[in-house]
Amino acid sequence: MKLERVEVVHIALPLVTPFRTSFGTMTTKDTFLLHVVTDAAEGWSEFAADPEPLYCSEFVAGAEIVLRDFLLPRVAALPHLTAAALAPATAKIKGHELAKAALETALLDAELRSYGMSLATWLGAVRDRVPAGVSVGIKDSVPALLDDVERYLAEGYVRIKLKIEPGWDLEPVRAVRERFGDALPLQVDANTAYSLADAEHLRRLDAFGLLLIEEPLEENNLHAHARLQQRIATPVCLDESLHSARDTASAIAMDACRVVNVKPARVGGYLEARRIHDVAHAHGVPVWCGGMLETGIGRAPNLALAALPGFTLPGDTSASSRYFAEDITEPFVLQDGHLPVPRTPGIGTEPLPEALRRFTTARRDLYGGRAER
């Protein structure tokens, strides 16, 4: 392929309800789409982070600069442009995995569209649909939480994840277990809110038969998570701490995690995400696909990834209506607790022009093309 134009399309979609975690509350999905035009086909992707560097160090304005000034010049200089060539070409740019993932995914979408091949086929998907879990944010009260969980179960979700933080952990988990029973697949996500000094407190969660506790301690501290896993029976799952297949292999070897959450954006894209899946699967460690409150542009390729054989736990691949009254793509609709895996060429979806127009706040060309409009 030959790169002709790269455009960022800034969007802002209101969430149907505020989404609160241990690091903040979101009311709007405010990010950008990356639109790549090549001589062979066009491709789309979604930048997964937020306007502020609260969940991770990357943020919207910074990613745009990194793409424009550092990533795109290297990619445009490639004599043979493919998605697989992007990582070696940009390896000297340290970090910025989410920006790299956005560029890689858009290029991969264009490349696979030119072949007439779906991302699911290219990755090696073995399922036509994947079970859908749902992530439930921190609420103002336990009754409000129970109402939300009841609604999601009625909609058909097959697994519930509760966001927790100090002061909002044992009581809400106990209430959900008492209300909905021990058979409900239930897990919790701390988003790094605790320290190793909280180990005895976290051990009290063992009584509730959880699938896992996700990223309980500070990120990138594999040693502390290994120490915690020695002291609790609930399987530790790592998310923010895993940036590569190498990190994953180290964490498994140290027994710092017994479950792996793969977020393609966090690890630099779907090629590295597949390698992480392969490492975990080879060691018999369950894998599931996390979510970043994506629009349909980010949700579609996640569903393709979640259809790989090692993804044995339901992920955060929820229906579009979980977050948005209206998406910028055709909505993903829950069917018997599952979502279908897109099988059309590329990532399997694209923006609806009218919806994209209404939710767009700005457009800029980063390579080729025209000035801001």
Side-chain angles (χ1 to χ4, degrees), residues 1-12 23 26 29-38 42-78 81-111 219-220 239-247 262-273 276 290 292-295 297-298 301-302 347 360-373:
M1 296 187 299
K2 179 182 177 182
L3 196 62
E4 295 183 346
R5 184 165 66 91
V6 178
E7 174 190 34
V8 290
V9 183
H10 288 266
I11 58 171
F23 56 84
M26 290 183 62
K29 181 63 178 180
D30 187 348
T31 188
F32 66 78
L33 306 180
L34 201 65
H35 179 209
V36 167
V37 179
T38 76
E42 299 184 15
W44 288 90
S45 69
E46 178 177 336
F47 179 67
D50 308 312
E52 297 180 84
L54 300 177
Y55 171 75
C56 64
S57 61
E58 293 183 68
F59 60 102
V60 170
E64 185 173 341
I65 293 170
V66 169
L67 282 161
R68 183 193 65 207
D69 294 348
F70 303 108
L71 300 182
L72 281 170
R74 287 167 169 80
V75 171
L78 288 170
L81 178 59
T82 65
L86 186 143
T90 60
K92 289 186 178 180
I93 305 301
K94 296 185 181 298
H96 298 284
E97 287 92 355
L98 281 83
K100 291 176 180 178
L103 183 53
E104 180 193 272
T105 304
L107 288 172
L108 187 57
D109 186 28
E111 185 176 353
E219 76 179 85
N220 302 326
D239 173 2
E240 291 95 334
S241 291
L242 302 182
H243 303 275
S244 65
R246 182 181 60 189
D247 290 345
V262 179
K263 288 179 179 167
R266 192 194 64 241
V267 303
Y270 289 87
L271 281 77
E272 188 68 16
I276 291 172
M292 301 278 279
L293 283 68
E294 293 93 347
T295 72
I297 294 296
N302 282 354
I347 64 172
T360 293
T361 58
R363 303 178 79 126
R364 280 186 286 274
D365 285 308
L366 300 186
Y367 177 84
R370 301 171 294 279
E372 181 174 354
R373 56 194 187 281

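No hydrogens, no waters, no symmetry mates; every other heavy atom, side chains included, goes into these values.
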[X] side chain vs [Y] backbone, donor-acceptor pair below 3.5 Å:
X	Y	value
Glu240	Asn220	no
Lys29	Ile11	no
Ser244	Asp247	yes
Glu272	Ala245	yes

How would you list, by chain and number, every residue that makes a side chain to side chain donor-acceptor pair (under 3.5 Å) with Ser45, sequence neighbours excluded?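 For Ser45 there are no side chain to side chain donor-acceptor pair (under 3.5 Å) partners, ignoring immediate neighbours.
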
Are any of the side-chain heavy atoms of [X] and [Y] separated by less than 4.5 Å?
X	Y	value
Leu86	Leu103	yes
Val9	Trp44	yes
Thr360	His10	no
Leu81	Lys2	no
Asp50	Met26	yes
Val6	Val37	no
Val267	Leu242	no

Could you walk me through whether Glu111 and Thr82 satisfy the side-chain contact (heavy atoms from CB on, under 4.5 Å) test, starting with their C-alpha distance in whole Å, then the side-chain angles of each, then the deciding distance to 0.1 Å, before giving a yes or no? CA-CA 7 Å; Glu111 185 176 353; Thr82 65; 3.8 Å; yes

Kindly compute the distance separating NE2 (His35) from CG (Leu366), expressed to the nearest 0.5 Å.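 The distance works out to 12.5 Å.
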
Out of curiosity, Ile276 CD1 to Leu271 CG, how far, rounded to the nearest 0.5 Å?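 One gets 11.5 Å once the value is rounded to the nearest 0.5 Å.
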
Closest non-hydrogen atom pair between [X] and [Y], with its separation:
X	Y	answer
Ala102	Glu46	CB-O, 4.4 Å
Cys56	Ala49	SG-CB, 4.0 Å
Ala85	Pro88	O-CD, 3.4 Å

Taking only residues two or more places apart in sequence or in another chain, which ones pass side chain to side chain contact (heavy atoms under 4.5 Å, CB included) with [X]?
X	result
Val66	Leu71, His96, Ala99
Pro51	Asp30, Val60
Ala61	Phe59
Asp239	Tyr55, Glu214, Glu215, Asn261, Lys263, Arg266

Name all pairs fulfilling the salt bridge (charged side-chain N to carboxylate O under 4.0 Å, His left out) condition that reach into residues 56-76, sequence neighbours left out, sorted by first residue then second.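 Every pair satisfying salt bridge (charged side-chain N to carboxylate O under 4.0 Å, His left out) with a residue in residues 56-76: Glu64-Arg364.
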
Is there any side chain to side chain donor-acceptor pair (under 3.5 Å) pair reaching into residues 97-109, and which pairs are they, with sequence neighbours excluded?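 Only Asp109-Arg113 qualify under side chain to side chain donor-acceptor pair (under 3.5 Å).
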
Go through the steps for Thr295 and Thr31 under the test side-chain contact (heavy atoms from CB on, under 4.5 Å), then give the verdict. CA-CA 10 Å; Thr295 72; Thr31 188; 5.7 Å; no

Kindly determine whether Leu33 and Val8 satisfy side-chain contact (heavy atoms from CB on, under 4.5 Å), including the steps that lead there. CA-CA 6 Å; Leu33 306 180; Val8 290; over 6 Å; no

With sequence neighbours left out, what residues match Phe47 under ring-ring contact (aromatic ring centres under 6.0 Å, His included)?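 Residues passing ring-ring contact (aromatic ring centres under 6.0 Å, His included) with Phe47: Phe32.
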
Salt bridge (Lys or Arg N to Asp or Glu O under 4.0 Å) between Glu7 and Arg5, worked out: CA-CA 7 Å; Glu7 174 190 34; Arg5 184 165 66 91; 3.8 Å; yes

